[in-house]
Amino acid sequence: MAVISRGFHGRRGPGGDRLPPSQYVTEDFPVLSAGPTPHIPLDRWSFTLTTAAGEKRTWDWDALMSLPSETPQADIHCVTRWSKYDTRWRGVPVDAFLEGVDPDGTYVLVTSYGGYSTDLPLADVTGGRAWIVHEYDGAPLPPEHGGPARMLVPHLYFWKSAKWVNGMRLTRTDEPGFWEQLGYHAYGDPWREQRVQGD
């Protein structure tokens, strides 16, 4: 007969419990950043999409606001082990920025004001899986949470949801971002506990 320690429930996938392994639920919204919080005036904010071939498209704040927006509600999971349920956002799906663009890469490198970056497979930010969000819980996104705009990729650990975004570059090979260069996992699936390289 197998012996299972009390409290061990195995690894549950997204079809089961909402809480990934080794996470705990919080009602708070912890603030974690790798450096000082940038404060970007809306009249100086811009977002540039660069293809692997070097073609660029840029949106200012007014152009961002003119794009079709959505209101995703999602559970989010931080690599530091907290999870927050039913977070509510407003933003533009990444698919809208890629409309009419030749998807000449298989990865994206998301860049931010302040020098932060993170890498993701293109498939993980398309098909309605990721947004550039500018509101949280019905209000403008505050700077400490990545305002005026941040990436939202709720199915991956939250470090992949880069704060203070200013661009996205399509790449043909995976280029590690800030935390990935420091040993964090290249993908970051909370259900597989992909926190660091080798997980």
Margin query: So which atom in D17 and which in W191 form the shortest heavy-atom distance, rounded to 0.1 Å?
Written below: O-CH2, 2.8 Å

Notebook entry, point to check: Is E193 salt-bridged to R195, going by a charged N under 4.0 Å from an acidic O?
Noted result: yes

Notebook entry, point to check: Donor-acceptor pair, T171 side chain versus T173 backbone, under 3.5 Å?
Noted result: yes

Check: Would you call E135 and R88 a salt bridge, taking side-chain N to carboxylate O under 4.0 Å as the test?
Finding: no

Next item on the list: Answer yes or no: is there a donor N or O on one side and an acceptor on the other, between the side chain of K160 and the main chain of D119, under 3.5 Å?
Entry: yes

Next item on the list: Spell out, as yes or no, whether a donor-acceptor pair under 3.5 Å connects the side chain of W82 to the backbone of I76.
Entry: no

Next item on the list: Mind running side chain to side chain contact (heavy atoms under 4.5 Å, CB included) on L64 and W45 for me, showing each step along the way?
Entry: CA-CA 10 Å; L64 176 73; W45 183 90; 3.8 Å; yes

Next item on the list: Could you grab the distance from atom CG of L122 to atom OH of Y107, nearest 0.5 Å is fine?
Entry: 10.5 Å

Margin query: Quick check against the 3.5 Å criterion: does D95 have a side-chain atom that pairs as donor or acceptor with the backbone of G127?
Written below: yes

Next item on the list: Take Y113 and W164, measure what ring pair (Phe, Tyr, Trp, His ring centres under 6.0 Å) needs, and give me the verdict at the end.
Entry: CA-CA 6 Å; Y113 292 94; W164 315 299; 9.4 Å; no

Item checked: Check: R90 side chain, E70 main-chain N or O, donor-acceptor pair, under 3.5 Å -> no

Next item on the list: Kindly work out whether a path of hydrophobic side-chain contacts (I/L/V/M/F/W/Y, heavy atoms less than 4.5 Å apart) joins L49 to V110.
Entry: yes

Margin query: Checking the side chain of Q194 only, and the main-chain atoms of D189 only, is there a donor and an acceptor separated by less than 3.5 Å?
Written below: yes

Notebook entry, point to check: Which heavy atom in G91 sits nearest to a heavy atom in W131, and how many Å separate them?
Noted result: O-CD1, 4.2 Å

Item checked: Side chain D104, main chain A52, donor-acceptor under 3.5 Å -> yes

Note to self: Within this structure, what is the CG-NZ distance for the pair L152 and K163, rounded to the nearest 0.5 Å?
What the structure shows: 13.5 Å

Next item on the list: Tell me, with the steps shown, if V25 and K84 meet side chain to side chain contact (heavy atoms under 4.5 Å, CB included).
Entry: CA-CA 6 Å; V25 178; K84 185 171 177 62; over 6 Å; no

Next item on the list: First locate atom CG of N166, then atom OG1 of T111, and finally report the distance between them rounded to the nearest 0.5 Å.
Entry: 4.0 Å

Margin query: Quick check for you: to the nearest 0.5 Å, what is the distance between E175 atom CD and R169 atom CZ?
Written below: 4.0 Å

Check: Is S46 reaching over with its side chain to a backbone N or O of W59, donor-acceptor style, under 3.5 angstrom?
Finding: no

Next item on the list: Identify whether L120 and V79 are in the same connected component of the hydrophobic contact network (ILVMFWY, side-chain heavy atoms under 4.5 Å).
Entry: no

Notebook entry, point to check: Checking side chain to side chain contact (heavy atoms under 4.5 Å, CB included) for the pair Q23/R81: CA distance, chi angles, key distance, verdict?
Noted result: CA-CA 5 Å; Q23 297 288 113; R81 301 188 189 275; 3.9 Å; yes

Next item on the list: Please report the shortest heavy-atom distance between V92 and F97, naming the atom on each side.
Entry: CG1-CE1, 3.6 Å

Notebook entry, point to check: Hey, mind stepping through W89 and T87 against side chain to side chain donor-acceptor pair (under 3.5 Å) and telling me if it holds?
Noted result: CA-CA 7 Å; W89 310 83; T87 60; 2.8 Å; yes

Notebook entry, point to check: Where do T37 and P143 come nearest, in terms of heavy atoms and distance?
Noted result: CG2-O, 3.6 Å

Note to self: For E99, is the CD atom crowded, meaning more than 12 foreign heavy atoms sit under 6.0 Å from it?
What the structure shows: no

Checklist line | Partner set under ring pair (Phe, Tyr, Trp, His ring centres under 6.0 Å) for H145, not counting sequence neighbours | finding: F29

Item checked: Shortest non-hydrogen contact between S83 and H77, atoms and distance -> OG-ND1, 2.7 Å

Checklist line | Backbone N/O of G54 and side chain of T50: donor-acceptor pair under 3.5 Å | finding: no

Notebook entry, point to check: What distance do D124 atom CG and Y187 atom OH have between them, rounded to the nearest 0.5 Å?
Noted result: 3.5 Å

Note to self: Determine whether a donor-acceptor pair (N or O, by modelled atom type, separation under 3.5 Å) exists between the side chain of D75 and the backbone of D86.
What the structure shows: yes

Checklist line | Counterpart residues, ring pair (Phe, Tyr, Trp, His ring centres under 6.0 Å), relative to F178 (two or more places apart) | finding: Y116

Check: In Å, rounded to the nearest 0.5 Å, how long is the span from CG of L67 to CZ of F47?
Finding: 10.5 Å

Notebook entry, point to check: Of the non-hydrogen atoms in R129 and P154, which two are nearest, and what is the gap between them?
Noted result: O-CD, 3.8 Å

Notebook entry, point to check: Could you walk me through whether L19 and Y85 pass the side chain to side chain contact (heavy atoms under 4.5 Å, CB included) check?
Noted result: CA-CA 9 Å; L19 190 64; Y85 290 161; 3.4 Å; yes

Notebook entry, point to check: Angle class for the H134/W61 ring planes (parallel below 30°, perpendicular above 60°, tilted otherwise)?
Noted result: perpendicular

